[in-house]
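Data block below; observations after.
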Amino acid sequence: MNMEAGTSKMVSNATGVNRQWLLARRPVGAVKTDDFRLTEGEIPTPGAGDILVRTLYFGFDASQRIWLTDDGGYMPPIMPGDPMRCMGIGQVVRSNDANYRPGDLVEGFMSWQDYVIVRSDGPMPLRCLPKADYPISWNLGVFGVGGLTAYFGIVDGLKVKGGETVVVSAATGATGSLAGQIAKAMGAKKVIGTAGGPEKCKWVVEHAGYDAAIDYKNGDLSAQLSKLCPEGVDAYFDNVGGDMLDTLFLHMAPKGRILICGAMSSGYTDVKLQGPRNYMRICTHQLTMQGILLFFYRDQIAEGAARLGQWVMEGKLLVEEDMHEGFEKAPSLLPTMFTGKAPGKLILHVADPA
Ligand SMILES: NC(=O)c1ccc[n+]([C@@H]2O[C@H](COP(=O)([O-])OP(=O)(O)OC[C@H]3O[C@@H](n4cnc5c(N)ncnc54)[C@H](OP(=O)(O)O)[C@@H]3O)[C@@H](O)[C@H]2O)c1
């Protein structure tokens, strides 16, 4: 049912109730389910420039744990009493922004609620999703934060070239699984991933198309790198930091490049981390080390998504989702980012479009 509402059109909602997962208290260490509390609130009324969206999918990102710290990292901290912020996909219910219409499917910053007020002027664009013959949830994965960060990290950050040896850590993750495949698409000679356990290493090679995988939980990472990369690593896509980054420093080829994308090993419980010990390799091997934050590519998202789409159509990228069902599951899924979730993009399906 469509109906006029003030200056904007309105699409009816399914329930009239707005379930919300609010932060009950600031987590200490790993996130626990009782750090959040389930409540029901009013469906909010959009003000000038606001868009009311009914949420359909919640994406899970390790950085959500950073937003729960006092500092918040690169985003304002989520305060007790606030709904938990996430990247999400939703359907516009009512819009006071001329660029969005009721019924549009959108992707961007949302929160763990049935209904959210969003705006187009946040740190990432609120994207209107194209009508397409692939699942809309892919806009959180391969065409979302993970895929786009992998794309810009490999293509622009590391500038991977033909014939190079590339290592990607957390290679079963939403970002890492695609980073290796993109490196291959860019012509890398050898792409090696790290993952926890033999099953995950098998997945990295057999499904994500890496040339080899190193089980960082069993065995000697340094010895494996010596064996697999005797001439050194040209480009390292670092999702893990900590001891793994320190070990990689010792295996970088002269003039190698390191991209700092994340620090999974920290658990993101604090923004103040211990820096690497072996950083003098930057000097002695004339290495380059730089970071990536997807926000800096805000204006190139469409270009990145188009290139990723081309590779998906050509069969060069495997799209893997770790899909779950049910609004109530949100808090229990968040810690699995750090405790060995299944390969691919972790997504919670909460509703279907009207
Ligand atoms: N800078 C940016 O703009 C940006 C954007 C997106 C993501 N990121 C970062 O990229 C990284 C990966 O994100 P994602 O979305 O791909 O996450 P993801 O899908 O949850 O994958 C994370 C992977 O990290 C591995 N992991 C967890 N704890 C670990 C530890 N202590 N040591 C080594 N590996 C560990 C897990 O694999 P195993 O089971 O194999 O350990 C897991 O599959 C995160 O650090 C995230 O913050 C950064």
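All ligand and atom numbering here is 1-based and tracks the order in the structure. Treat the numbers as computed from the prediction; the structure is a model and nothing was measured.
- Only side-chain heavy atoms of Val240 come within less than 4.0 Å of ligand 1; its backbone N, CA, C and O stay farther off.
- When non-hydrogen atoms are compared, ligand 1 lies under 4.0 Å from neither the backbone nor the side chain of Ser177.
- Heavy-atom contacts of Ala195 reach the following atoms of ligand 1: 40 (O) (cutoff under 4.0 Å).
- Residue Glu231 qualifies as open at atom CD: its count of foreign heavy atoms under 6.0 Å is 12 or below.
- The proximity of Lys341 to ligand 1, defined as any non-hydrogen pair under 4.0 Å, is limited to the side chain.
- Ligand 1 is approached by Thr172 to a heavy-atom distance shorter than 4.0 Å.
- Considering only non-hydrogen atoms, atom 1 (N) of ligand 1 lies nearest to Ile292 out of Ile292, Leu294, Asn239.
- Linking Ile, Leu, Val, Met, Phe, Trp and Tyr whenever their side-chain heavy atoms come within less than 4.5 Å leaves Ile43 and Leu22 in two separate clusters.
- Checking side-chain atoms of Arg281 against main-chain N and O of Pro254 turns up no donor-acceptor pair under 3.5 Å.
- A distance-only check finds a donor-acceptor pair linking the side chain of Arg257 to the backbone of Lys159 [under 3.5 Å].
- Which parts of ligand 1 touch Ala263 is read off a 4.0 Å heavy-atom cut-off, strictly below it: atoms 45 (O).
- In this structure, SG on Cys201 lies 12.0 Å from CD1 on Ile192, to the nearest 0.5 angstrom.
- Only side-chain heavy atoms of Lys200 come within less than 4.0 Å of ligand 1; its backbone N, CA, C and O stay farther off.
- Relative ring orientation between Phe338 and Tyr268 is described as perpendicular, the plane-to-plane angle rising above 60° on a 0-90° scale split at 30° and 60°.
- Listed by number with element, the atoms of ligand 1 under 4.0 angstrom from any heavy atom of Gly340 are 39 (O).
- Partner of Leu259 under the side chain to side chain contact (heavy atoms under 4.5 Å, CB included) criterion, out of Asp156, Leu158, Asp238: Leu158 alone.
- There is a side-chain donor-acceptor pair under 3.5 Å between Ser120 and Asp97.
- Residue Phe295 does not touch ligand 1, judged by heavy-atom distances below 4.0 Å.
- Under the 6.0 Å distance and 45° angle rule, Arg19 counts as a cation-pi partner of Phe327.
- The proximity of Tyr216 to ligand 1, defined as any non-hydrogen pair under 4.0 Å, is limited to the side chain.
- Remark: Arg25 engages Asp35 in a salt bridge, criterion side-chain N to carboxylate O under 4.0 Å.
- At least one heavy atom of Gly344 lies less than 4.0 angstrom from ligand 1.
- Both Leu129 and Trp138 belong to a common hydrophobic cluster when Ile, Leu, Val, Met, Phe, Trp and Tyr are linked at side-chain heavy-atom distances under 4.5 angstrom.
- The ring-ring contact (aromatic ring centres under 6.0 Å, His included) with Phe152 is formed by just one residue from the set Phe237, Phe295, Tyr297; it is Tyr297.
- Of all protein heavy atoms, the one closest to atom 15 (O) of ligand 1 is Thr175 OG1, 3.6 Å.
- The protein atom (non-hydrogen) at minimum distance from atom 9 (C) of ligand 1 is Cys261 O, 3.5 Å.
- Residues Val118 and Trp21 do not share a hydrophobic cluster, defined by chaining ILVMFWY side chains whose heavy atoms lie under 4.5 Å apart.
- From the protein, the heavy atom lying nearest to atom 6 (C) of ligand 1 is Val145 CG1, 3.4 Å.
- Only the side chain of Thr149 comes within 4.0 Å of ligand 1, counting heavy atoms alone; its backbone N, CA, C and O stay farther away.
- Not a single heavy atom of Gly146 sits under 4.0 Å from any atom of ligand 1.
- Electrostatic pairing of Arg119 and Asp121 counts as a salt bridge here, judged by a charged N lying under 4.0 Å from a carboxylate O.
- Across Lys217, Met337, Met244, Glu320, heavy-atom proximity to atom 42 (C) of ligand 1 is greatest for Met337.
- Scanning Glu199, Met264, Gln64 for the heavy atom closest to atom 27 (C) of ligand 1 points to Met264.
- From the protein, the heavy atom lying nearest to atom 23 (C) of ligand 1 is Ala170 CB, 3.7 Å.
- The shortest contact between atom 46 (C) of ligand 1 and any protein heavy atom is with Tyr268 OH, 3.8 Å.
- Counting only heavy atoms of the protein, atom 40 (O) of ligand 1 lies nearest to Gly196 N, 2.7 Å.
- The ligand atoms of ligand 1 that sit less than 4.0 angstrom from a heavy atom of Leu293 are 1 (N), 3 (O).
- With hydrogens and angles disregarded, no donor-acceptor distance shorter than 3.5 Å links the side chain of Gln274 to the backbone of Gly242.
- Considering only non-hydrogen protein atoms, atom 19 (O) of ligand 1 sits nearest to Ala174 N, 2.8 Å.
- At the shortest separation from atom 21 (O) of ligand 1 among protein heavy atoms lies Gly173 CA, 3.2 Å.
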